[in-house]
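Reviewing the structure listed below.
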Amino acid sequence: MIVRTRFAPSPTGFLHIGGARTALFSWAFAKRHGGQFILRIEDTDVARSTPEAVQAILDGMHWLGLDYDEGPFYQMQRMDRYKQVIQTMLDAGSAYYCYSSKDELDALREQQMANKQKPRYDGKWRPEANKVLPAIPRDVKPAIRFKNPQVGVVVWDDLVKGRIEIANAELDDLIIARADGTPTYNFCVVVDDSDMGITQVIRGDDHVNNTPRQINMLMALAEIDSAIKVPQYAHLSMILGGDGQKLSKRHGAVSVMQYDDDGYLPEAVLNYLARLGWSHGDDEVFSMQQFAEWFDLDHITPSAAQFNTEKLNWINAHYIKQADNTSLVTDIGKRLSKLNITIGAQGNLPAVIDLYKERINTLNELASSIAYFYQKPVFDVAASEKHLTADIKPVLATLVSLLAPIDWQAELIHQAINEVVTQYQLKFPKVAMPLRVALTGIAQSPSIDQVMALLGKDEVLARINFATS
RNA sequence: GUCCCCAUCGUCUAGAGGCCUAGGACACCUCCCUUUCACGGAGGCGACCCGGGUUCGAAUCCCGGUGGGGACGCCA
């Protein structure tokens, strides 16, 4: 049987890190087994779904490079199909009309909570063999409920968590269609997963409690149509924030696109996410191609994982070091212009990037740390006071006179500095540090002669003169 | 409250009864490299939630605690 997995977000917000990992694992599972990965947008909550959120999800998937073989399908476009299935369930007696009003249900729930009971539908309108149903109220539009079995248990072998067993007595008759006729989540999922031939449902473990209901519906549907099968389920534990707290809109949850803004490479985010809750021995760094070859559900941790920015930074730094300069140039150019820095006609950006790419964790850090090449340095007060002292100024003035006539190459620049060092009988850093501050504004930079070579003679001399004046 | 899930260094994890004196990675610390800061290299610190049981032998299996999380909507 061909493997078919799906990612089924509801478009009520951006694609966050947890959703991205769920999508990644579903994607990888399909790839690993030569199957298909399907994107389905679960937009039946009309009040909360927005086209912007749909676009945000699509953008996030695209940025990460999670390509889907089918879709996006939209549940709102499948209404006719849902209604058709509901009718067959009504006809078969596995669903029924419920005339309990919302207020009535709310009161019931409140009372049950007050009595410290598990809130559930009381079965008032559930048809039974020898039961007389109440008179149908005229002013209430009925919802439709699924007639869930009341005895026995639902068991499935979760591909991540192992065998899970839930008693039907714990379940109640869930609403599958609202009073206005629109079908609800648990029902749509069942119809879609079945219609789309999903073989493995890989999703967040907040759905564990929905699974027995979905299996029951699937089994009821299978009685009507024997071709319908129950898929396998794999429930992924959640991702916690760096502080160990649950990620929520109020607390730390951000769009995956935020990582783009913050200067992370998609391959770094992907690689990081792949290792969050999944392992392949001691392997830490691997391509998505490698991941797709290795991925399995057996090595997923069932426990929740805490997000760790430091490790993301480390892996991002790794991918930046690996990145080829041509693609970095385009990216860094954009980030520089966001900082209002124009690089003009200077063709040295690839070389400048090369000088810095092993020193930073994010592309934003890269952009901001090379800013001084393209605009006047911003002087760090402490560094200036420490290094640009009065006694060093004549030394730098001598250096200027030595630099002025030479051919502008790192090697010759280095020679010139050495000459000054010898002439004044100083240690190399004694000259290099003030020079560094004069040119970059701060006390840390790559090899100073290389910085000077890339900065250009005119600029170097002007900056030294400015700093010593 | 009821049901469900989870539990190895600070963090991500390896671990399928002896390979475990518990391995790797991030972070942290020390040293080396060095022209400052990084990068890189070499070391170091650091964990099996608790209690029973099964077994010759338990991080691993079972039971019970404890702690954490999730679900209980005419949301998804």
Side-chain angles (χ1 to χ4, degrees), chain A residues 8-12 42-45 47-49 75 98 100-102 105-106 109 112-121 141-145 158 160-162 164-167 169-172 174-186 188-189 204-212 235 237-238 240 242 244 246 272 275-285 298-299 301-315 317 321 356-361 369 383 387 414 417 421 427-433 435-437 440 442-449:
Chain A
S10 68
T12 54
E42 310 216 321
D43 53 357
T44 54
D45 185 355
R48 294 199 302 153
S49 299
Q75 289 186 322
C98 168
S100 295
S101 69
K102 259 186 199 171
L105 260 13
D106 286 345
R109 186 163 28 246
Q112 287 167 328
M113 292 284 252
N115 292 343
K116 310 231 178 213
Q117 289 170 319
K118 184 169 182 164
R120 62 207 306 173
Y121 178 57
K141 275 194 142 186
I144 299 170
R145 288 185 186 266
D158 196 276
V160 172
K161 292 175 188 287
I164 299 179
E165 178 177 318
I166 291 169
E170 291 297 328
L171 274 22
D172 63 0
L174 74 154
I175 287 175
I176 59 175
R178 302 176 180 95
D180 66 6
T182 58
T184 60
Y185 165 76
N186 276 107
C188 296
V189 166
D205 74 357
D206 47 336
H207 289 291
V208 166
N209 294 274
N210 290 324
T211 306
H235 288 99
S237 61
M238 55 191 310
L240 272 19
K246 185 190 175 180
Y272 176 73
R275 279 291 289 110
L276 204 55
W278 177 83
S279 60
H280 185 266
D282 288 339
D283 295 305
E284 295 285 351
V285 180
D298 300 335
H299 290 84
T301 331
S303 56
Q306 212 169 303
F307 192 87
N308 185 245
T309 306
E310 263 120 34
K311 190 155 183 179
L312 207 216
N313 283 343
W314 168 77
I315 205 153
K321 279 176 217 158
Y356 268 89
K357 66 193 278 198
E358 295 202 346
R359 313 171 63 82
I360 41 77
N361 287 327
S369 51
H387 298 291
H414 194 85
I417 300 172
V421 164
K427 300 249 186 218
F428 193 92
K430 188 71 188 153
V431 179
M433 288 310 293
L435 202 46
R436 183 167 275 124
V437 176
T440 71
I442 57 173
Q444 303 85 33
S445 83
S447 179
I448 194 63
D449 43 10

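So you know, we letter chains A, B, ... as the sequences are listed, proteins then strands, and number each from 1.
- Pairing for rU21(B) is absent, with no Watson-Crick or G-U wobble pair whose two atom distances lie under 3.5 Å.
- Residues Val285(A) and Trp314(A) are in side-chain contact: their nearest non-hydrogen atoms beyond the backbone lie under 4.5 Å apart.
- Both distances falling under 3.5 Å, in either a Watson-Crick or a G-U wobble arrangement, place rC28(B) opposite rG44(B).
- Residue contacts shown for Lys427(A) are absent, as no nucleic acid heavy atom lies under 4.0 Å away.
- A 3.5 Å limit on both hydrogen-bonding distances identifies no Watson-Crick or G-U partner for rC39(B).
- Heavy-atom minimum distance, Thr301(A) versus Val160(A): O-CG1, 4.4 Å.
- Spacing of C1' atoms, rA47(B) relative to rC63(B), comes out at 25 Å, to the nearest Å.
- Phosphate contact (OP1/OP2 of rU13(B), side-chain N/O of Thr301(A), threshold under 4.0 Å): present.
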Task: Intermediate values then yes/no, side chain to side chain contact (heavy atoms under 4.5 Å, CB included), Thr182(A) and Thr44(A) - done: CA-CA 8 Å; Thr182(A) 58; Thr44(A) 54; over 6 Å; no
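- With rounding to whole Å, Gln306(A) atom CD is found 14 Å from rC6(B) atom C1'.
- Only the P atoms considered, rG41(B) is 16 Å distant from rC33(B), to the nearest whole Å.
- In this structure, Lys161(A) does not reach the rC4(B) phosphate: none of its side-chain N or O atoms is under 4.0 Å from OP1 or OP2.
- Distance noted for atom C1' between rC20(B) and rC62(B): 22 Å (whole Å).
- Closest contact between the side chain of Pro302(A) and the listed nucleotides rC39(B), rC4(B), rC6(B) involves rC6(B).
- Distance check, rounded to the nearest 0.5 Å: NZ of Lys161(A) to OG of Ser303(A) gives 8.0 Å.
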TODO: Dump the intermediate steps for side chain to side chain contact (heavy atoms under 4.5 Å, CB included) on Ile417(A) and Ile448(A), then the final yes or no.
DONE: CA-CA 10 Å; Ile417(A) 300 172; Ile448(A) 194 63; 4.2 Å; yes
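- Using a 4.0 Å heavy-atom cutoff across all strands shown, Gly277(A) reaches sugar-phosphate atoms only and no base atom.
- Considering every non-hydrogen atom in both Arg120(A) and Glu170(A), the closest pair reads NH2-C, 3.3 Å.
- With rounding to the nearest 0.5 angstrom, the CG atom of Asp45(A) is 11.0 Å from the CD atom of Gln75(A).
- The same atom, C1', is picked in rC3(B) and in rU11(B); the two are 31 Å apart, to the nearest Å.
- rG68(B) and rU8(B): their C1' atoms are spaced 16 Å apart (whole Å).
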TODO: List the protein contact pattern of nucleotides 68-76 of chain B with one symbol per nucleotide (5' to 3'): B for base contact, S for sugar-phosphate-only contact, - for none; contact means a heavy-atom distance under 4.0 Å.
DONE: -SBSBSBBB
- [ ] Would you give a per-nucleotide map of nucleotides 20-28 of chain B, 5' to 3', where B means the base has a protein non-hydrogen atom under 4.0 Å away, S means only the sugar-phosphate does, and - means neither?
- [x] ---BBBSS-
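- The shortest distance between side-chain heavy atoms of Ser10(A) and Tyr185(A) does not fall below 4.5 Å.
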What's touching nucleotides 33-36 of chain B from the protein side, N or O pairs under 3.5 Å?
| residue | atom | partner | partner atom | Å |
| --- | --- | --- | --- | --- |
| rU35(B) | O2 | Arg436(A) | NH2 | 3.1 |
| rU35(B) | O4 | His414(A) | ND1 | 3.1 |
| rU35(B) | O4 | Asp449(A) | OD1 | 3.4 |
| rU35(B) | O4 | Asp449(A) | OD2 | 3.1 |
| rU36(B) | O2' | Ala443(A) | O | 3.3 |
| rU36(B) | N1 | Arg436(A) | NH1 | 3.3 |
| rU36(B) | O2 | Arg436(A) | NE | 3.4 |
| rU36(B) | O2 | Ala443(A) | O | 3.1 |
| rU36(B) | O2 | Ser445(A) | N | 3.1 |
| rU36(B) | N3 | Arg436(A) | NH2 | 3.1 |
| rU36(B) | N3 | Ser445(A) | O | 2.4 |
| rU36(B) | O4 | Ser445(A) | O | 3.0 |
| rU36(B) | O4 | Ser447(A) | N | 3.4 |

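- For the C1' atoms, the distance linking rC45(B) with rC56(B) amounts to 36 Å, nearest Å.
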- [ ] In sequence, state the C-alpha distance, the side-chain angles, and the governing distance for Leu312(A) and Ile315(A), and then conclude on side chain to side chain contact (heavy atoms under 4.5 Å, CB included).
- [x] CA-CA 5 Å; Leu312(A) 207 216; Ile315(A) 205 153; 4.1 Å; yes
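- Between Phe428(A) and His414(A), the angle of the ring planes stays under 30°, which puts this pair in the parallel group of the 30/60° scheme.
- Between the CG atom of Asp298(A) and the C1' atom of rG15(B) there is a distance of 14 Å, rounded to whole Å.
- Of all nucleotides present, only rU66(B) satisfies the Watson-Crick or G-U wobble test against rA7(B), with each distance under 3.5 Å.
- Across the strands present, rG57(B) finds no partner; the criterion is a Watson-Crick or G-U wobble pair with both atom distances under 3.5 angstrom.
- Note: CG (Leu171(A)) to C1' (rC3(B)) measures 10 Å, nearest angstrom.
- One finds the CG atom of Asn361(A) at 11.0 Å from the OG1 atom of Thr309(A) (value rounded to the nearest 0.5 Å).
- Atom-to-atom distance recorded for Asp205(A):CG and Ile164(A):CD1 is 9.0 Å, nearest 0.5 angstrom.
- With C1' as the reference atom, rG69(B) and rC28(B) are 29 Å apart, rounded to whole Å.
- Rounded to whole Å, the separation between the C1' atoms of rG10(B) and rC5(B) comes to 25 Å.
- If you take CD1 of Ile360(A) and P of rG40(B), they are 12 Å apart, rounded to a whole angstrom.
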Open item on the list: Please evaluate residues Met238(A) and Asp206(A) with respect to the criterion side chain to side chain contact (heavy atoms under 4.5 Å, CB included), reporting the C-alpha separation (whole Å), side-chain torsions for both, the decisive distance (0.1 Å), and the verdict.
Closed with: CA-CA 8 Å; Met238(A) 55 191 310; Asp206(A) 47 336; over 6 Å; no
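- Nucleotide rA71(B): paired with rU2(B) (Watson-Crick or G-U wobble, both distances less than 3.5 Å).
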